[in-house]
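For reference, the structure is listed below as structure tokens.
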Amino acid sequence: AFAALFFFFAMFTAVMRIRYISPIIPPLVILSVYGLHRFSAWLGELRPPALRRSGGAIIACVFAAALWLNGGYLVNLYRYVAPFDYLSGEISRDDYISRYRGEYRAMVFMNENLPEKARVLFMFIGDRGYYCDREYLYDMQGVRSTFEDLVNRSVDASEVSRGLGLQGITHILVDIGVFERWAGEKFDSEKIGLVQDFFSGHTRLLHLENGYAVLALQSAG
């Protein structure tokens, strides 16, 4: 039970998305409280008072450590989120969101400037399409990359452009830094040249901010 207790508190202080482990939290809480109850009952049966006091001190230390760890987590979270910057009106909604989502400005640009029928290929945007009002699809389908497959089976940049056009793709939103590192790992020098030819000759830069670029396929205008 104590192992479950420490696991529970460790999960709260770890750098991870809490929603991934939230289903296991109630059972861990129940097991932890049950374990503490059993431990307290066992302490009450001990005859030497010194042992009972020592056991009580151990329980108090466990709770104090848990409160300290979680308190530190909450303080750091509050400092990071800084909710009153927005609630007080010090910064606008767009500025507040863009503070944490680097791609947000690019999505605002797309919502305001791209045609209603635009279809955007997201490259290294994660699964964060909820601010985009245009149709979009993710480049990574499971472990496969649409763009990587096109590059590998194309002999020149125009084939890559045609392949994207056949899927109805008119624009690309890409995290440039991540893409450059990924391309350097995935492609040899010949394919790197093909990728460079594609971006320089078959796309047009529409917007660049915070390392995120919005590109239009030349055929799409």
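- There is no path of hydrophobic side-chain contacts, each under 4.5 Å, that joins Phe199 to Val155.
- Counting heavy atoms from C-beta on, the side chains of Met110 and Asp133 never come closer than 4.5 Å.
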Is there a side chain to side chain contact (heavy atoms under 4.5 Å, CB included) between Arg134 and Glu116? Walk through the geometry before answering.
CA-CA 7 Å; Arg134 298 296 182 266; Glu116 291 287 341; 3.8 Å; yes
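- Residues Val195 and Val160 have side chains not in contact (no heavy-atom distance under 4.5 Å, counting atoms from C-beta outward).
- Remark: Ile125 CD1 to Asp139 CG distance equals 10.0 Å, nearest 0.5 Å.
- Phe198 pairs by the ring pair (Phe, Tyr, Trp, His ring centres under 6.0 Å) definition with Phe147, not counting sequence neighbours.
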Can you give each donor-acceptor pair under 3.5 Å made by side-chain atoms of residues 209-217, sequence neighbours left out, with the distance rounded to 0.1 Å?
| residue | atom | partner | partner atom | Å |
| --- | --- | --- | --- | --- |
| Glu209 | OE1 | His207 | NE2 | 3.4 |
| Asn210 | ND2 | Gly102 | O | 3.4 |
| Tyr212 | OH | Asp175 | OD2 | 3.3 |

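- Take Ser92 and apply the side chain to side chain contact (heavy atoms under 4.5 Å, CB included) test, not counting sequence neighbours, and it matches Asp94, Asp95.
- In this structure, the separation between CZ on Phe124 and CG on Leu173 is 12.0 Å, given to the nearest 0.5 Å.
- Listed here is the closest heavy atom pair of Ser145 and Met140: CB-SD, 3.6 Å.
- Legend: residues meeting side chain to side chain contact (heavy atoms under 4.5 Å, CB included) with Leu87, ordered by chain and number and at least two apart, are Pro83, Phe84.
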Check step by step if side chain to side chain contact (heavy atoms under 4.5 Å, CB included) holds for Phe187 and Leu194.
CA-CA 10 Å; Phe187 302 127; Leu194 187 152; over 6 Å; no
Verdict with reasoning, Leu164 to His202, per side chain to side chain contact (heavy atoms under 4.5 Å, CB included):
CA-CA 11 Å; Leu164 294 174; His202 296 271; over 6 Å; no
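- In this structure, CG on Asp197 lies 12.5 Å from OG on Ser161, to the nearest 0.5 angstrom.
- Val151 and Leu166 fall into different hydrophobic clusters, where Ile, Leu, Val, Met, Phe, Trp and Tyr side chains are chained together by heavy-atom contacts under 4.5 Å.
- With sequence neighbours excluded, the residues that form a ring pair (Phe, Tyr, Trp, His ring centres under 6.0 Å) with Tyr136 are Phe122, Tyr138.
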Pair His171-Arg119, side chain to side chain contact (heavy atoms under 4.5 Å, CB included): steps then yes or no
CA-CA 6 Å; His171 297 79; Arg119 192 173 197 227; over 6 Å; no
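- For Tyr96, the ring pair (Phe, Tyr, Trp, His ring centres under 6.0 Å) partners are Tyr86, Tyr100, not counting sequence neighbours.
- Contact detail for Lys191 and Ser154: the closest heavy-atom pair is NZ-O, 2.8 Å.
- Looking only at distances, no side-chain donor or acceptor of Asn113 sits under 3.5 Å from a matching main-chain atom of Leu206.
- How far CD of Glu159 is from CG of Leu150: 9.5 Å, rounded to the nearest 0.5 Å.
- Side-chain contact between Arg99 and Asp85: present, with at least one pair of heavy atoms (C-beta onward) separated by less than 4.5 Å.
- Atom CZ of Arg105 is separated from atom CG of Leu208 by 14.0 Å, given to the nearest 0.5 angstrom.
- The structure places SG of Cys61 at 13.5 Å from CH2 of Trp68, a figure rounded to the nearest 0.5 Å.
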